[in-house]
Amino acid sequence: FLQFEKTDKQAIAQFSKALNEKKDFYAELLNRHKNGTEYWIEIKCQPLFNEQGVHTGFFAIEEDITDRKKGEEIVKEQKLLLDLAVAGADAGIWDWNMMENKILYSEGWEKQMGFGEDKNWMDRVHPDDKAYVMDQLYAHITGVSETYNAEFRIKNTNDEYVFVLDRGRVISHTTTGKPERMIGVSININDIKETQENLRKSEAKLPAIIEASGVSLWERIVDEDRMDDEKAEVLCRDLAKRIEQEMAFPGEIKVNVIR
């Protein structure tokens with residue numbers, strides 16, 4: 001077969017060695033037609049021996065795999081783009097072979113969770129969340145829901161529970177209709193959950209702060225006949241200061257008195 005500068009020289013050397021040593025050989029090689037068109041071939045070669053064990057030749061199969069290689073390259077590029085996208089979102093990708101019950105995790109998933117494919121992730125889900133997660137998975141696998149979506153807590157290798165948003169979809173089925181492969185993404189939303197909780201606690205404090213300041217304060221502020229602008233502003237600033245202190249606001253609350 002033809003060779004050119006892009007053909008793997010090491011593979012060619014191994015091929016020659018296998019022929020000399022009368023051994024099996026397999027390779028995928030980039031080649032070029034006489035018209036200059038590049039193409040990929042898959043070569044499978046094995047030696048032939050007669051009944052006396054004397055080498056009589058080789059049996060070889062050569063197949064054009066250009067379309068397959070192009071498809072693999074597209075998948076590789078898409079995976080790279082996806083990895084770049086999830087890297088900035090503190091997320092990771094998982095790929096579940098449902099027939100063999102094996103899950104492959106991306107580096108991003110292992111990084112945020114602290115463990116890889118050698119661990120059973122369901123064993124690390126918070127006990128209070130397991131039933132909910134299983135229900136969400138079952139609903140999608142059985143066709144009740146179009147996608148799998150779940151927010152739950154999972155324990156990392158530091159023995160700390162972190163919140164994750166898990167989303168996925170079955171992408172292939174067996175000839176009998178059983179789900180065969182499922183892929184998804186896990187996003188670390190622990191910071192978001194902590195912010196929401198802090199906000200909830202702050203909002204819970206607000207009624208008590210207002211009550212401590214006197215509900216009548218608001219009534220007096222809007223009553224033009226009973227309070228002048230200067231006094232209204234003083235009372236508003238006092239309330240704002242209380243809110244800043246009690247609710248730990250990051251900045252100063254601006255006060256404007258409007259008649």
Side-chain angles (χ1 to χ4, degrees), residues 1-89 91-121 167-186:
F1 52 84
L2 297 176
Q3 302 176 38
F4 71 121
E5 61 272 9
K6 292 184 181 180
T7 304
D8 189 340
K9 301 300 187 293
Q10 184 177 359
I12 296 299
Q14 292 174 347
F15 186 27
S16 298
K17 182 180 180 181
L19 292 177
N20 293 330
E21 296 178 355
K22 302 176 180 59
K23 293 182 178 180
D24 294 350
F25 176 78
Y26 172 86
E28 295 179 359
L29 297 172
L30 179 61
N31 219 331
R32 184 169 62 188
H33 290 293
K34 291 182 179 180
N35 62 10
T37 304
E38 296 180 5
Y39 67 101
W40 281 91
I41 57 172
E42 178 185 71
I43 299 176
K44 299 177 182 178
C45 183
Q46 68 180 57
L48 300 176
F49 301 89
N50 61 22
E51 295 179 355
Q52 288 72 38
V54 178
H55 178 252
T56 58
F58 287 89
F59 175 76
I61 298 176
E62 180 179 311
E63 181 182 359
D64 189 319
I65 58 171
T66 304
D67 290 341
R68 192 189 81 191
K69 297 296 286 188
K70 287 181 178 179
E72 291 175 354
E73 191 62 29
I74 292 174
V75 171
K76 186 184 298 184
E77 291 178 357
Q78 291 177 338
K79 183 179 183 303
L80 176 59
L81 291 174
L82 185 58
D83 286 344
L84 290 173
V86 300
I93 304 169
W94 47 266
D95 187 335
W96 182 13
N97 181 331
M98 304 173 79
M99 293 293 97
E100 299 179 8
N101 196 26
K102 291 182 179 180
I103 304 178
L104 298 177
Y105 302 98
S106 69
E107 292 182 3
W109 201 98
E110 295 179 13
K111 180 180 179 182
Q112 71 169 345
M113 298 303 172
F115 60 92
E117 58 188 275
D118 59 325
K119 302 293 183 180
N120 185 343
W121 68 277
R167 291 179 174 174
R169 175 177 292 180
V170 174
I171 62 169
S172 65
H173 295 76
T174 64
T175 54
T176 58
K178 293 182 178 180
E180 182 178 41
R181 185 184 176 197
M182 183 174 176
I183 61 173
V185 59
S186 298

Using side-chain contact (heavy atoms from CB on, under 4.5 Å) as the criterion, list what pairs up with [X], not counting sequence neighbours.
X    : value
E100 : N97, K102
N50  : Q52, V54, T56
R181 : D95, I171, S172, I183

message = Taking ring-ring contact (aromatic ring centres under 6.0 Å, His included) as the definition, give me every residue that meets it alongside Y26, ordered by chain and number, with sequence neighbours left out.
response = none
ask   = Between P47 and D24, is any pair of side-chain heavy atoms under 4.5 Å apart?
value = yes
request  = Would you mind reporting whether W121 and W94 have side-chain heavy atoms less than 4.5 Å apart?
outcome  = no
Under the side-chain hydrogen bond (donor to acceptor under 3.5 Å, both in side chains) test, residues paired with [X] that sit two or more places apart:
X    : result
W40  : none
R169 : none
D67  : none
T37  : N35

Taking atom [atom1] of [X] and atom [atom2] of [Y], what is their separation to the nearest 0.5 Å?
X    : Y    : atom1 : atom2 : value
L30  : D8   : CG    : CG    : 9.5 Å
I41  : I65  : CD1   : CD1   : 8.5 Å
E42  : L29  : CD    : CG    : 10.0 Å
N101 : W96  : CG    : CH2   : 6.5 Å
M99  : T174 : CE    : OG1   : 5.5 Å

Residues that [X] engages under salt bridge (Lys or Arg N to Asp or Glu O under 4.0 Å), provided they are two or more places apart:
X   : result
E38 : K6
E72 : R68, K69
D64 : none

Please table the atom pairs, donor to acceptor, closer than 3.5 Å between any side-chain atom in residues 14-22 and protein atoms at least two apart or in another chain.
unit_1 : atom_1 : unit_2 : atom_2 : d
S16    : OG     : I12    : O      : 3.2
N20    : ND2    : S16    : O      : 3.2
E21    : OE1    : K23    : NZ     : 3.2

query = Between V170 and M98, what is the shortest heavy-atom contact and its length?
reply = CG2-SD, 4.4 Å
request  = Determine the minimum heavy-atom distance between A11 and F25, stating which atoms define it.
outcome  = O-CZ, 3.5 Å
query = Relative to the ring of F49, is the ring of H55 parallel (under 30°), tilted (30 to 60°) or perpendicular (over 60°)?
reply = perpendicular
message = Can you confirm whether E5 is buried at CD, in the sense that more than 12 heavy atoms of other residues, nucleotides or ligands lie under 6.0 Å from that atom?
response = yes
